[in-house]
Amino acid sequence: MVVFLHIVLWTLVIYVIVSILLYYLQDYFFFKPEKLPASYQFIYENQEVDEYNLTTKDGATINGLHFKTENPKGVVLYLKGNSKSIRGWGKFAVDFTRHQYDVIMVDYRGFGKSTGRRTQENIAADLQYVYNKIRERVSQSYIILYGRSLGSGFATKLASMNHPKMLILDAPYYSLTQVATRYMPFMPLSLIIKFPMPTYKWIKEVGCPIHIIHGTQDGLIPFKSSVKLSKIRPKMTRLWPVVGGGHKNLNTFESYHHILNDIIHYKKAAIDLNTTSHPKKSITDAK
């Protein structure tokens with residue numbers, strides 16, 4: 001009995017120690033930043049781009065890029081994933097400038113040239129600040145929010161608090177807590193995680209069309225997470241699977257670029273169900 005109690009005690013001690021370590025080290029699991037010197041020059045072939053810096057209320061610097069097109073039809077605020085910096089992510093701007101949309105990309109705190117203490121609340125406030133700067137020059141009806149992986153949660157949060165033209169989620173998660181639970185199922189993550197990112201809660205408040213793109217072979221964030229998200233606001237949401245796509249390679253699939261084209265030029269057409277095989281008929285037809 002004494003031996004059993006010792007085993008239980010040591011198990012609890014180890015459990016508590018691991019929980020404390022996870023609390024303080026989770027930034028290293030969730031974020032893989034690349035830092036850039038202030039003197040770094042962004043250069044992209046065949047792209048016109050301006051760099052800018054915004055200073056937040058708490059003195060942090062948010063560094064970003066503005067990819068420009070002639071006679072833009074609108075602007076895409078592209079919220080990137082959790083790795084590296086906009087130096088590498090900038091190559092994806094062409095997927096929208098080719099459709100005559102300007103693109104704004106920013107580095108989160110601690111990424112690239114951006115500075116400041118990184119918290120979920122701080123990043124959300126920073127992105128709202130950036131969004132406010134955009135809508136000073138562009139009507140919200142011309143703003144598309146695009147969130148990739150980690151950025152999908154922040155994009156959904158922004159869309160829930162504003163009125164953009166549409167929200168596009170690329171490989172989104174139901175919540176970061178749920179993603180982490182897949183790898184650490186026995187840890188009290190709901191209590192210790194500092195970036196819960198409950199996309200499933202925020203999406204309930206989104207009032208614009210929602211488009212979800214996800215690879216069916218995504219090994220990091222399972223395709224089923226997008227299926228679950230698509231069921232929350234089904235009348236406003238369309239799910240676009242990239243068959244065979246993983247988590248980091250969707251841009252290598254031709255189908256992904258066809259999907260982006262269809263989304264950007266998307267126009268929902270009204271359908272008269274009385275002319276279809278759908279069982280729902282009008283009262284007049286029922287008689």
Side-chain angles (χ1 to χ4, degrees), residues 47 67 69 71-81 89-105 127 131 134-135 138-160 162-174 199-200 202-218 221 223-271:
Q47 290 273 55
F67 295 85
T69 60
N71 303 314
K73 298 177 181 178
V75 60
V76 175
L77 176 53
Y78 188 112
L79 304 185
K80 69 180 193 65
W89 287 87
K91 63 178 175 288
F92 298 116
V94 68
D95 293 333
F96 302 94
T97 55
R98 64 186 291 266
H99 294 290
Q100 284 188 277
Y101 273 82
D102 280 10
V103 177
I104 301 292
M105 287 189 182
L127 296 176
Y131 188 92
I134 296 174
R135 68 181 185 183
V138 180
S139 168
Q140 290 192 77
S141 61
Y142 294 99
I143 299 175
I144 294 176
L145 287 174
Y146 186 100
R148 160 90 179 116
S149 192
L150 175 74
S152 64
F154 288 119
T156 305
K157 175 67 171 176
L158 267 182
S160 71
N162 300 280
H163 304 284
K165 178 179 181 179
M166 71 174 71
L167 170 66
I168 305 176
L169 303 178
D170 179 341
Y173 43 84
Y174 198 71
T199 307
Y200 70 96
W202 295 331
I203 205 169
K204 295 175 183 177
E205 307 300 323
V206 175
C208 65
I210 303 167
H211 297 273
I212 301 177
I213 309 171
H214 210 131
T216 59
Q217 300 300 314
D218 192 326
I221 303 176
F223 178 72
K224 64 182 180 181
S225 68
S226 282
V227 174
K228 289 177 66 177
L229 286 174
S230 69
K231 293 178 180 179
I232 296 175
R233 301 298 300 275
K235 293 184 177 180
M236 302 177 61
T237 306
R238 179 162 179 180
L239 177 60
W240 304 77
V242 178
V243 178
H247 189 69
K248 296 182 179 181
N249 65 350
L250 294 191
N251 67 298
T252 67
F253 285 76
E254 184 176 340
S255 58
Y256 166 79
H257 297 284
H258 281 296
I259 288 170
L260 271 188
N261 180 76
D262 291 345
I263 290 174
I264 290 173
H265 302 289
Y266 186 80
K267 288 186 179 180
K268 188 173 182 179
I271 298 176

Checklist entry - Below 6.0 angstrom between ring centroids: does that apply to Tyr146 and Phe96? => result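 Centroid separation for Tyr146 and Phe96: below 6.0 Å.
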
State the [atom1]-[atom2] distance between [X] and [Y], to the nearest 0.5 angstrom.
X: Lys231; Y: Leu239; atom1: NZ; atom2: CG; answer: 10.0 Å
X: Ile263; Y: Tyr266; atom1: CD1; atom2: OH; answer: 9.5 Å
X: Leu169; Y: Thr199; atom1: CG; atom2: OG1; answer: 7.5 Å
X: Ile259; Y: Asp170; atom1: CD1; atom2: CG; answer: 10.0 Å
X: Ile143; Y: Asn162; atom1: CD1; atom2: CG; answer: 8.0 Å
X: Leu167; Y: Ile144; atom1: CG; atom2: CD1; answer: 10.5 Å

Checklist entry - Regarding Lys73 and the six-membered ring of Tyr101, is the cationic atom NZ or CZ under 6.0 Å from the ring centre and inside 45° of its axis? => result no

Grab the two heavy atoms, one from [X] and one from [Y], that are nearest each other, plus how far apart they are.
X: Val242; Y: Ile213; value: CG2-CG2, 3.8 Å
X: Val206; Y: Arg233; value: O-NH1, 2.9 Å
X: Gly244; Y: Phe253; value: O-CZ, 3.4 Å
X: Gln47; Y: Phe67; value: NE2-CD2, 4.0 Å
X: Ser226; Y: Ile212; value: OG-CG2, 3.2 Å
X: Ala159; Y: Leu145; value: N-CD1, 3.5 Å

Checklist entry - In terms of the angle between their ring planes, are Tyr78 and Phe92 parallel, tilted or perpendicular, with boundaries placed at 30° and 60°? => result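 Tyr78 vs Phe92 ring planes: parallel.
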
Checklist entry - What class does the angle between the rings of Trp240 and His211 fall in, given that below 30° is parallel, 30 to 60° is tilted and above 60° is perpendicular? => result tilted

May I ask you to test the [X]-[Y] pair for a side-chain heavy-atom distance under 4.5 Å?
X: Arg238; Y: Ile210; value: no
X: Ile104; Y: Val75; value: yes
X: Tyr200; Y: Lys228; value: no
X: Leu158; Y: Leu77; value: yes
X: Tyr173; Y: Ser152; value: yes
X: Thr97; Y: Asp102; value: no
X: Arg148; Y: Lys80; value: no
X: Val76; Y: His99; value: no

Test item: [X] side-chain N/O and [Y] main-chain N/O as donor-acceptor pair under 3.5 Å:
X: Ser230; Y: Thr237; answer: no
X: Tyr174; Y: Leu229; answer: no
X: His247; Y: Gln217; answer: no
X: Asn249; Y: Thr252; answer: no
X: Ser225; Y: Pro172; answer: yes

Can you tell me if [X] has over 12 outside heavy atoms packed within less than 6.0 Å of its [atom1]?
X: Glu205; atom1: CD; result: no
X: Phe223; atom1: CZ; result: yes
X: His163; atom1: NE2; result: no

Item to check | From CA spacing to verdict: side chain to side chain contact (heavy atoms under 4.5 Å, CB included), Ile221, Ser149 | outcome: CA-CA 8 Å; Ile221 303 176; Ser149 192; 4.0 Å; yes

Item to check | Verdict with supporting geometry, Lys165 and Tyr142, side chain to side chain contact (heavy atoms under 4.5 Å, CB included) | outcome: CA-CA 6 Å; Lys165 178 179 181 179; Tyr142 294 99; 6.0 Å; no

Next on the checklist: Side chains of His257 and Asn261: any donor to acceptor distance under 3.5 Å?
Outcome noted: no

